[in-house]
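Per chain, numbering begins at 1; letters A, B, ... match sequence-line order. Quick caveat: nothing in here was measured; it's all calculated off a predicted structure.
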Amino acid sequence: AQSVTQLGSHVSVSEGALVLLRCNYSSSVPPYLFWYVQYPNQGLQLLLKYTSAATLVKGINGFEAEFKKSETSFHLTKPSAHMSDAAEYFCAVRGPGRSQGNLIFGKGTKLSVKP
Amino acid sequence: DVKVTQSSRYLVKRTGEKVFLECVQDMDHENMFWYRQDPGLGLRLIYFSYDVKMKEKGDIPEGYSVSREKKERFSLILESASTNQTSMYLCASSPLDNQPQHFGDGTRLSIL
(Lines give C-alpha, C1' and ligand atoms only; values in the text may rest on other atoms or scores of the structure.)
Protein backbone atom coordinates (compact mmCIF):
# COMPACT_ATOMS: atom_id res chain seq x y z
CA ALA A 1 0.00 0.00 0.00
CA GLN A 2 1.10 3.52 -0.68
CA SER A 3 1.64 6.08 2.07
CA VAL A 4 3.49 9.31 2.70
CA THR A 5 5.04 10.62 5.91
CA GLN A 6 6.13 14.21 6.28
CA LEU A 7 8.41 14.73 9.25
CA GLY A 8 7.60 17.89 11.12
CA SER A 9 4.26 19.65 10.90
CA HIS A 10 5.99 23.03 11.37
CA VAL A 11 9.43 24.15 10.22
CA SER A 12 10.86 27.58 10.87
CA VAL A 13 13.92 29.02 9.14
CA SER A 14 15.54 32.41 8.85
CA GLU A 15 15.49 34.31 5.60
CA GLY A 16 18.50 33.23 3.53
CA ALA A 17 18.87 29.89 5.33
CA LEU A 18 18.55 26.44 3.82
CA VAL A 19 15.07 25.00 3.58
CA LEU A 20 14.75 21.23 4.10
CA LEU A 21 11.32 19.61 4.20
CA ARG A 22 11.28 15.86 4.69
CA CYS A 23 9.14 13.29 2.96
CA ASN A 24 9.32 9.52 3.17
CA TYR A 25 7.09 7.28 1.11
CA SER A 26 5.97 3.72 0.94
CA SER A 27 4.91 2.28 -2.37
CA SER A 28 4.26 -1.20 -3.71
CA VAL A 29 4.70 0.03 -7.28
CA PRO A 30 7.34 2.27 -8.87
CA PRO A 31 6.57 5.58 -7.25
CA TYR A 32 5.49 8.79 -8.87
CA LEU A 33 6.11 11.57 -6.35
CA PHE A 34 5.00 15.16 -6.18
CA TRP A 35 5.50 18.23 -4.04
CA TYR A 36 2.78 20.85 -3.85
CA VAL A 37 2.68 24.25 -2.15
CA GLN A 38 -0.39 25.94 -0.69
CA TYR A 39 -0.45 29.65 0.08
CA PRO A 40 -3.10 30.95 2.50
CA ASN A 41 -6.64 30.74 1.17
CA GLN A 42 -5.55 29.16 -2.09
CA GLY A 43 -5.56 25.76 -3.67
CA LEU A 44 -2.47 23.60 -4.17
CA GLN A 45 0.12 24.45 -6.77
CA LEU A 46 2.55 21.91 -8.21
CA LEU A 47 6.18 22.57 -7.27
CA LEU A 48 7.80 19.55 -8.89
CA LYS A 49 7.32 15.90 -9.78
CA TYR A 50 9.40 12.73 -9.97
CA THR A 51 8.41 10.22 -12.63
CA SER A 52 11.39 7.82 -12.79
CA ALA A 53 13.66 9.97 -14.93
CA ALA A 54 16.40 12.01 -13.20
CA THR A 55 16.67 11.47 -9.45
CA LEU A 56 17.31 15.17 -8.82
CA VAL A 57 14.25 17.11 -9.82
CA LYS A 58 14.16 20.87 -10.19
CA GLY A 59 10.94 22.73 -9.65
CA ILE A 60 9.61 26.24 -9.59
CA ASN A 61 10.71 29.05 -7.25
CA GLY A 62 14.20 27.56 -6.78
CA PHE A 63 13.04 24.35 -5.10
CA GLU A 64 14.42 20.93 -5.87
CA ALA A 65 14.00 17.40 -4.54
CA GLU A 66 16.12 14.30 -4.65
CA PHE A 67 14.65 10.83 -5.03
CA LYS A 68 16.54 8.27 -2.94
CA LYS A 69 15.18 4.79 -3.43
CA SER A 70 17.40 3.21 -0.76
CA GLU A 71 16.03 5.64 1.82
CA THR A 72 12.50 5.80 0.35
CA SER A 73 12.78 9.56 0.61
CA PHE A 74 11.93 12.57 -1.53
CA HIS A 75 13.05 15.56 0.54
CA LEU A 76 12.43 19.10 -0.70
CA THR A 77 15.19 21.69 -0.48
CA LYS A 78 15.91 25.29 -1.34
CA PRO A 79 19.35 26.82 -0.74
CA SER A 80 18.14 30.19 0.46
CA ALA A 81 14.73 30.87 1.97
CA HIS A 82 12.72 33.91 1.00
CA MET A 83 9.87 35.46 2.94
CA SER A 84 7.53 34.57 0.08
CA ASP A 85 8.26 30.86 0.67
CA ALA A 86 6.12 30.89 3.81
CA ALA A 87 3.33 28.43 3.02
CA GLU A 88 2.24 24.86 3.60
CA TYR A 89 3.95 22.12 1.62
CA PHE A 90 2.52 18.72 0.76
CA CYS A 91 4.28 15.64 -0.48
CA ALA A 92 2.21 13.14 -2.47
CA VAL A 93 2.66 9.69 -4.00
CA ARG A 94 0.67 7.98 -6.72
CA GLY A 95 -2.11 5.97 -5.13
CA PRO A 96 -3.74 2.64 -5.87
CA GLY A 97 -6.94 1.90 -7.63
CA ARG A 98 -8.27 1.92 -11.15
CA SER A 99 -7.26 5.49 -11.76
CA GLN A 100 -3.58 5.96 -11.35
CA GLY A 101 -4.32 9.64 -11.21
CA ASN A 102 -5.05 9.16 -7.51
CA LEU A 103 -2.61 10.80 -5.17
CA ILE A 104 -2.03 10.07 -1.51
CA PHE A 105 -0.98 13.18 0.36
CA GLY A 106 1.09 13.67 3.46
CA LYS A 107 -0.33 15.77 6.27
CA GLY A 108 1.65 18.80 5.27
CA THR A 109 4.50 20.89 6.66
CA LYS A 110 3.93 24.54 7.41
CA LEU A 111 7.03 26.60 6.65
CA SER A 112 7.63 29.87 8.47
CA VAL A 113 10.38 32.25 7.37
CA LYS A 114 11.77 34.70 9.90
CA PRO A 115 13.26 38.02 8.78
CA ASP B 1 -3.20 28.05 -18.80
CA VAL B 2 -4.85 25.36 -16.73
CA LYS B 3 -7.99 26.46 -14.93
CA VAL B 4 -10.07 24.69 -12.28
CA THR B 5 -12.92 26.83 -11.02
CA GLN B 6 -14.91 26.19 -7.89
CA SER B 7 -18.21 27.99 -7.79
CA SER B 8 -17.92 29.48 -4.29
CA ARG B 9 -14.97 30.51 -2.14
CA TYR B 10 -17.06 30.68 1.04
CA LEU B 11 -20.37 29.03 1.80
CA VAL B 12 -22.51 28.92 4.93
CA LYS B 13 -25.32 26.36 5.21
CA ARG B 14 -27.58 24.93 7.89
CA THR B 15 -27.63 21.44 9.34
CA GLY B 16 -29.83 19.13 7.27
CA GLU B 17 -29.64 21.16 4.08
CA LYS B 18 -28.67 19.58 0.78
CA VAL B 19 -25.49 21.29 -0.39
CA PHE B 20 -24.00 21.38 -3.88
CA LEU B 21 -20.38 22.25 -4.56
CA GLU B 22 -19.54 22.76 -8.20
CA CYS B 23 -16.25 22.40 -10.00
CA VAL B 24 -15.45 23.11 -13.64
CA GLN B 25 -12.21 22.50 -15.52
CA ASP B 26 -11.36 23.85 -18.95
CA MET B 27 -8.54 21.46 -19.85
CA ASP B 28 -10.47 18.44 -21.17
CA HIS B 29 -9.08 16.30 -18.34
CA GLU B 30 -10.35 12.77 -17.86
CA ASN B 31 -9.83 12.60 -14.09
CA MET B 32 -11.51 14.79 -11.50
CA PHE B 33 -11.28 14.65 -7.72
CA TRP B 34 -12.89 16.02 -4.58
CA TYR B 35 -10.89 16.35 -1.36
CA ARG B 36 -11.53 17.81 2.02
CA GLN B 37 -8.75 19.48 3.94
CA ASP B 38 -8.70 19.75 7.71
CA PRO B 39 -5.90 21.06 9.97
CA GLY B 40 -3.46 18.31 10.89
CA LEU B 41 -5.13 15.77 8.61
CA GLY B 42 -3.91 16.94 5.23
CA LEU B 43 -6.02 16.19 2.16
CA ARG B 44 -8.41 13.28 2.20
CA LEU B 45 -10.01 11.97 -0.96
CA ILE B 46 -13.80 11.89 -0.94
CA TYR B 47 -14.63 10.77 -4.49
CA PHE B 48 -13.03 10.75 -7.88
CA SER B 49 -14.16 10.27 -11.45
CA TYR B 50 -12.17 8.99 -14.42
CA ASP B 51 -14.85 9.50 -17.05
CA VAL B 52 -18.28 10.99 -17.58
CA LYS B 53 -20.86 9.24 -15.41
CA MET B 54 -18.13 7.16 -13.76
CA LYS B 55 -17.21 7.59 -10.11
CA GLU B 56 -15.28 5.79 -7.43
CA LYS B 57 -15.25 6.20 -3.69
CA GLY B 58 -12.20 7.63 -2.03
CA ASP B 59 -11.20 7.31 1.59
CA ILE B 60 -14.10 9.19 3.21
CA PRO B 61 -17.22 8.99 0.99
CA GLU B 62 -19.78 8.70 3.80
CA GLY B 63 -22.30 11.51 3.73
CA TYR B 64 -21.30 12.62 0.24
CA SER B 65 -22.25 11.83 -3.33
CA VAL B 66 -21.02 13.12 -6.67
CA SER B 67 -22.26 13.75 -10.17
CA ARG B 68 -20.40 13.97 -13.44
CA GLU B 69 -22.81 14.49 -16.31
CA LYS B 70 -20.33 16.37 -18.48
CA LYS B 71 -16.60 15.92 -18.78
CA GLU B 72 -15.75 19.39 -17.56
CA ARG B 73 -18.02 19.47 -14.49
CA PHE B 74 -17.80 17.49 -11.27
CA SER B 75 -20.25 18.20 -8.48
CA LEU B 76 -20.00 17.24 -4.83
CA ILE B 77 -23.27 16.81 -2.96
CA LEU B 78 -23.80 16.77 0.77
CA GLU B 79 -27.09 14.93 1.05
CA SER B 80 -27.93 16.21 4.54
CA ALA B 81 -25.27 18.56 5.83
CA SER B 82 -23.91 18.05 9.32
CA THR B 83 -21.60 20.19 11.44
CA ASN B 84 -18.74 17.68 11.08
CA GLN B 85 -18.70 18.46 7.36
CA THR B 86 -17.47 21.98 8.05
CA SER B 87 -14.19 22.04 6.15
CA MET B 88 -12.21 23.29 3.18
CA TYR B 89 -13.17 21.42 0.00
CA LEU B 90 -10.74 21.20 -2.88
CA CYS B 91 -11.46 20.09 -6.41
CA ALA B 92 -8.73 18.88 -8.76
CA SER B 93 -8.37 17.48 -12.23
CA SER B 94 -5.66 15.63 -14.13
CA PRO B 95 -5.20 14.38 -17.67
CA LEU B 96 -3.90 10.88 -18.22
CA ASP B 97 -2.71 8.70 -15.38
CA ASN B 98 0.43 9.65 -13.47
CA GLN B 99 0.16 13.31 -14.42
CA PRO B 100 -0.02 16.07 -11.79
CA GLN B 101 -3.34 17.22 -10.50
CA HIS B 102 -4.43 20.82 -10.94
CA PHE B 103 -6.38 22.36 -8.08
CA GLY B 104 -9.07 24.96 -7.70
CA ASP B 105 -8.85 27.63 -5.00
CA GLY B 106 -11.13 25.72 -2.65
CA THR B 107 -14.51 26.28 -1.02
CA ARG B 108 -14.55 26.95 2.71
CA LEU B 109 -17.84 25.46 3.85
CA SER B 110 -19.38 26.15 7.24
CA ILE B 111 -22.34 24.13 8.47
CA LEU B 112 -24.22 25.81 11.32
Side-chain angles (χ1 to χ4, degrees), chain A residues 1-10 21 23-25 27 29-53 57 59-60 63 65 74 87-110, chain B residues 1-10 21 23-25 27 29-51 54-61 66 68 74 88-108:
Chain A
Q2 283 82 344
S3 66
V4 172
T5 302
Q6 291 184 239
L7 297 176
S9 58
H10 288 86
L21 304 181
C23 172
N24 287 89
Y25 71 91
S27 179
V29 297
Y32 283 65
L33 295 157
F34 305 85
W35 274 101
Y36 284 84
V37 60
Q38 185 180 34
Y39 299 103
N41 296 316
Q42 293 186 25
L44 276 68
Q45 179 183 354
L46 180 70
L47 269 179
L48 49 81
K49 63 179 181 179
Y50 168 77
T51 56
S52 74
V57 181
I60 62 171
F63 284 92
F74 191 56
E88 191 159 19
Y89 293 80
F90 293 91
C91 182
V93 65
R94 177 182 65 178
R98 180 260 175 251
S99 171
Q100 294 187 17
N102 278 0
L103 294 179
I104 295 174
F105 286 86
K107 294 185 177 181
T109 298
K110 193 162 288 187
Chain B
D1 201 10
V2 169
K3 189 73 174 173
V4 177
T5 302
Q6 295 185 230
S7 54
S8 305
R9 292 297 305 275
Y10 301 93
L21 302 184
C23 176
V24 177
Q25 50 99 358
M27 299 156 288
H29 285 171
E30 280 72 22
N31 301 323
M32 295 190 76
F33 308 84
W34 274 107
Y35 297 89
R36 64 176 284 175
Q37 181 180 16
D38 300 289
L41 298 179
L43 276 73
R44 293 179 291 168
L45 182 65
I46 304 172
Y47 268 97
F48 67 97
S49 168
Y50 52 88
D51 201 353
M54 305 302 289
K55 61 185 180 184
E56 285 197 24
K57 294 180 179 179
D59 300 318
I60 51 165
V66 291
R68 193 167 181 199
F74 192 36
M88 169 73 95
Y89 290 87
L90 292 166
C91 176
S93 71
S94 71
L96 300 175
D97 294 345
N98 302 324
Q99 296 301 310
Q101 294 181 13
H102 301 268
F103 283 82
D105 284 337
T107 296
R108 191 168 293 280

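Annotation for B/Arg108 and A/Asn41: closest pair NH2-OD1, 4.2 Å, computed over non-hydrogen atoms. Among all heavy-atom pairs drawn from A/Lys49 and B/Pro100, the shortest one is CD-CG, 3.7 Å. A pairwise comparison of heavy atoms in B/Tyr35 and A/Leu103 identifies OH-O, 4.0 Å as the closest pair.
The part of A/Leu46 that comes within reach of chain B is its side chain, from C-beta onward, which places non-hydrogen atoms under 4.5 angstrom from that chain. For chain A, no part of B/Tyr89 is nearby; none of its heavy atoms comes within less than 4.5 Å.
With sequence neighbours excluded, the residues forming a side chain to side chain contact (heavy atoms under 4.5 Å, CB included) with B/Gln37 are A/Gln38, A/Glu88, A/Phe90, B/Leu43, B/Met88, B/Leu90, listed by chain and number.
In this structure, the side chains of B/Gln101 and A/Phe34 stay at 4.5 Å or more apart for every pair of heavy atoms.
Although no hydrogens or angles enter the test, the distance criterion places no donor-acceptor pair under 3.5 Å between the side chain of B/Arg44 and the main chain of A/Phe105.
B/Asp59 contributes atom CG, which lies 7.0 Å from atom CD1 of A/Ile104 (distance to the nearest 0.5 angstrom).
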